[in-house]
Amino acid sequence: MATFTFELVSPERVLFSGEVDAVVLPATEGDMTVLAGHSPLMTTLKTGFLVVTSTPGNGRRVLVRGGFADVNQNSLTVLAERALPEEEITQDILDQEILTAEMHYDATNEPAAKHVAEAAIAQLREAKAALNF
């Protein structure tokens, strides 16, 4: 399988930089898998798990909260608003993320912003269930 260059960057740090086989993105239009030779595109990301596969059958999950992905035939760059590798996620961190999203929901009367916050709350609760917290 052909590889391509992938970089995952959050405001705090570079979480991943290297050659990978595939990356599954939680795009706002639906999850999508990026492989080497993918057509160029840019997409926004929703809250959810990004899965990086650098060796067949071995995926690494990272919880991302928003951002965007820039895809071309040889590389993928993800600029995440917030990103936490699965091994760093605790129940307390997820509970705090859910509380923050609920406060954003309560603080706005704008329908689009309420929808985004509501979706983030649901996706964070799904992440919590997926991690068995």
Side-chain angles (χ1 to χ4, degrees):
M1 178 181 253
T3 63
F4 61 98
T5 304
F6 170 58
E7 280 204 340
L8 171 57
V9 181
S10 73
E12 299 85 20
R13 61 188 165 157
V14 175
L15 283 102
F16 189 96
S17 181
E19 293 297 306
V20 298
D21 292 329
V23 177
V24 178
L25 298 173
T28 52
E29 300 85 24
D31 289 356
M32 64 182 286
T33 302
V34 177
L35 301 169
H38 197 288
S39 298
L41 69 90
M42 286 190 79
T43 187
T44 54
L45 302 176
K46 64 182 181 183
T47 298
F49 281 107
L50 178 149
V51 182
V52 181
T53 305
S54 52
T55 56
N58 185 10
R60 178 176 177 215
R61 296 193 303 182
V62 179
L63 181 64
V64 295
R65 297 257 344 252
F68 72 92
D70 181 14
V71 181
N72 67 46
Q73 292 187 335
N74 303 317
S75 68
L76 164 63
T77 302
V78 171
L79 300 176
E81 291 175 20
R82 185 140 163 74
L84 288 167
E86 181 177 19
E87 62 272 12
E88 294 179 18
I89 299 172
T90 65
Q91 183 169 345
D92 287 344
I93 288 172
L94 274 180
D95 288 342
Q96 185 60 48
E97 293 284 332
I98 291 168
L99 181 63
T100 300
E102 288 171 342
M103 290 188 326
H104 284 290
Y105 179 85
D106 292 342
T108 185
N109 290 321
E110 185 184 320
K114 276 206 178 289
H115 177 74
V116 168
E118 193 173 50
I121 292 164
Q123 290 149 353
L124 285 164
R125 287 184 176 147
E126 284 176 22
K128 192 172 172 179
L131 294 169
N132 298 313
F133 287 143

Worked verdict on K46 versus E126 for salt bridge (charged side-chain N to carboxylate O under 4.0 Å, His left out): CA-CA 13 Å; K46 64 182 181 183; E126 284 176 22; over 6 Å; no
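Between the CG atom of L79 and the CD atom of E7 there is a distance of 9.0 Å, given to the nearest 0.5 Å. Atom OG1 of T47 is separated from atom CD of E97 by 8.0 Å, given to the nearest 0.5 angstrom. Remark: I93 CD1 to E88 CD distance equals 7.5 Å, nearest 0.5 Å. For the atom pair CZ of F49 and CG of L131, the computed distance is 4.0 Å after rounding to the nearest 0.5 Å. R82 contributes atom CZ, which lies 15.5 Å from atom CG of L45 (distance to the nearest 0.5 angstrom). Considering CG of L99 and CG of D92, their distance stands at 12.0 Å, rounded to 0.5 Å.
Ion pairing of E102 with R125 is present here, as a side-chain N (NZ or NE/NH1/NH2) and a carboxylate O approach within less than 4.0 Å.
Heavy atoms only, all atoms of each residue included: A101 and A120 are closest at CB-CB, 4.4 Å. When every heavy atom of P11 is checked against every heavy atom of E81, the shortest pair comes out as CD-O, 3.3 Å. T43 and A27 get closest at one heavy-atom pair: OG1-CB, 3.7 Å.
Between H104 and I121, every side-chain heavy-atom pair lies at or beyond the 4.5 Å cut-off. You'll find the side chain of I89 stays beyond 4.5 Å of the side chain of R61, heavy atoms only. Side-chain contact check for L50 versus V23: some heavy-atom pair is nearer than 4.5 Å. Between L25 and L76, the closest side-chain pair of non-hydrogen atoms falls below 4.5 Å. For the pair R60/E87, a side-chain contact is recorded, criterion being any heavy-atom separation below 4.5 Å from C-beta on.
A 6.0 Å sphere centred on NE2 of H38 holds more than 12 heavy atoms belonging to other residues, nucleotides or ligands.
Note: the hydrophobic cluster containing L41 also contains F6 (ILVMFWY, side chain heavy atoms under 4.5 Å, direct or indirect links). In the hydrophobic clustering of ILVMFWY residues, with side-chain heavy atoms under 4.5 Å counting as a link, L63 and L15 come out apart. Transitive grouping of hydrophobic side chains (ILVMFWY, heavy atoms separated by less than 4.5 Å) keeps L8 and M42 in distinct clusters. Transitive grouping of hydrophobic side chains (ILVMFWY, heavy atoms separated by less than 4.5 Å) keeps V64 and L94 in distinct clusters. Connection of V116 to F68 is not established within any shared hydrophobic cluster, with ILVMFWY side chains joined at heavy-atom distances below 4.5 Å, either directly or through further cluster members.
Between the side chain of K114 and the backbone N or O of T108 there is at least one donor-acceptor pair closer than 3.5 Å.
Here the rule is side-chain contact (heavy atoms from CB on, under 4.5 Å) with F4, and of V71, D21, N74, V20 only V20 fits it.
Between the side chains of S10 and E12, a donor-acceptor pair is found at a separation under 3.5 Å.
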